[in-house]
Undergrad: 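Supplied in structure tokens, the structure appears directly below.
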Amino acid sequence: MTTAATVAGIWDLSIATPIGKITAVIELRYDDGTLTGTARGTGEEVDLDGLALTGDRLTWKQAITRPMRLNLAFDVTVTGDTLAGTSRAGRLPASRVSGLRRTGRAAETVPGTRS
């Protein structure tokens, strides 16, 4: 069973967008019964808003300014140390999202890149 405590950690994300693949790192924290998080990528760090876990489904929103100003909505399913789902930016088509939890690696954050 997926719980807020079991999703906590550092996750490497890959987002397949119309402008190419974008990588990002999210850090999820579970403190005092509350799940919070931040995302780092393309040279910026933003808080995750509306972070919610229902069963294995994890959702959140975030506003970014790079590579362009967008409000993103993520909807992913967590299975152990992997996640998969979509990210939407308004009326644009959904982008595929996949992620892998960092295990046994240093906890430093790797800046996101686009390739």
Side-chain angles (χ1 to χ4, degrees):
M1 179 175 176
T2 303
T3 65
T6 63
V7 298
I10 298 175
W11 296 79
D12 292 308
L13 299 185
S14 178
I15 307 163
T17 75
I19 61 171
K21 182 176 85 170
I22 296 175
T23 59
V25 176
I26 61 168
E27 183 174 354
L28 302 175
R29 295 172 297 283
Y30 182 68
D31 294 314
D32 297 325
T34 303
L35 186 61
T36 61
T38 54
R40 294 173 187 86
T42 61
E44 66 183 326
E45 179 176 330
V46 297
D47 290 330
L48 305 182
D49 295 320
L51 193 55
L53 180 66
T54 305
D56 294 338
R57 183 177 174 213
L58 181 65
T59 58
W60 74 89
K61 295 179 181 179
Q62 67 186 75
I64 62 169
T65 60
R66 295 181 189 144
M68 62 184 69
R69 189 174 302 275
L70 294 170
N71 292 315
L72 303 174
F74 287 80
D75 188 339
V76 300
T77 300
V78 179
T79 306
D81 291 332
T82 63
L83 59 79
T86 59
S87 171
R88 290 193 77 87
R91 292 188 278 180
L92 296 175
S95 297
R96 285 187 334 267
V97 177
S98 61
L100 184 62
R101 183 197 322 256
R102 291 185 185 182
T103 57
R105 296 195 303 180
E108 76 276 0
T109 300
V110 178
T113 59
R114 184 174 5 137
S115 58

Undergrad: Filter on ring pair (Phe, Tyr, Trp, His ring centres under 6.0 Å), then keep only pairs touching residues 1-53, sequence neighbours left out; what's left?
TA: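 Residue pairs passing ring pair (Phe, Tyr, Trp, His ring centres under 6.0 Å), neighbours aside: none found.
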Undergrad: Taking all non-hydrogen atoms of both residues, which atom of I26 and which atom of A39 are closest, and how far apart?
TA: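 Closest heavy-atom pair between I26 and A39: CG2-CB, 3.8 Å.
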Undergrad: With side-chain contact (heavy atoms from CB on, under 4.5 Å) as the test, would you mind laying out the steps for R96 and T86 before giving the verdict?
TA: CA-CA 5 Å; R96 285 187 334 267; T86 59; 5.5 Å; no
Undergrad: Identify the heavy atoms of A16 and S95 that sit nearest to each other, and give their distance.
TA: O-CB, 3.2 Å
Undergrad: State, to 0.1 Å, how close K21 and S14 come at their nearest heavy-atom pair, and which atoms those are.
TA: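 So the two residues come closest at CD-OG, 3.1 Å.
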Undergrad: Run the side chain to side chain donor-acceptor pair (under 3.5 Å) test against T2 and tell me which residues pass, sequence neighbours left out.
TA: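 Once residues adjacent in sequence are excluded, the partners of T2 under the side chain to side chain donor-acceptor pair (under 3.5 Å) criterion are D56.
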Undergrad: Would you sort out whether L35 and V7 count as a side-chain contact (heavy atoms from CB on, under 4.5 Å), showing the intermediate values?
TA: CA-CA 9 Å; L35 186 61; V7 298; 4.0 Å; yes
Undergrad: Less than 4.5 Å apart, side chain to side chain, heavy atoms only: is that true for T38 and V25?
TA: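 No. Closest side-chain heavy atoms not under 4.5 Å.
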Undergrad: Pair up each side-chain donor or acceptor in residues 74-84 with any protein partner under 3.5 Å, not counting sequence neighbours, and list the distances.
TA:
from, atom 1, to, atom 2, distance (Å)
D75, OD1, R57, NE, 2.9
D75, OD2, R57, NE, 3.1
D75, OD2, R57, NH2, 2.7
D81, OD1, R101, NE, 2.7
T82, OG1, T79, O, 3.0

Undergrad: Measuring from atom CD of E45 to atom CD of Q62, what distance do you get when rounded to the nearest 0.5 angstrom?
TA: 11.0 Å
Undergrad: Scan the side chains in residues 47-55 for donor-acceptor partners under 3.5 Å anywhere in the protein, sequence neighbours excluded, and list what turns up.
TA:
none

Undergrad: At what distance, to the nearest 0.5 angstrom, does OG of S87 lie from CG of L72?
TA: 4.5 Å
Undergrad: Applying side-chain contact (heavy atoms from CB on, under 4.5 Å), can you list everything that pairs with A63, at least two apart in sequence or on another chain?
TA: N71
Undergrad: Identify the two heavy atoms, one from L13 and one from G99, that lie closest to each other, and give their separation to 0.1 Å.
TA: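 That would be CD2-CA, 3.9 Å.
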Undergrad: Identify the two heavy atoms, one from A94 and one from R88, that lie closest to each other, and give their separation to 0.1 Å.
TA: CB-NH1, 3.3 Å
Undergrad: Just jot down the side-chain contact (heavy atoms from CB on, under 4.5 Å) partners of E44, sequence neighbours excluded, or say none.
TA: T42, V46, I64, T65, R66
Undergrad: What is the distance from atom CZ of R29 to atom OG1 of T36, rounded to the nearest 0.5 Å?
TA: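 Between R29 CZ and T36 OG1, I get 4.0 Å after rounding to 0.5 Å.
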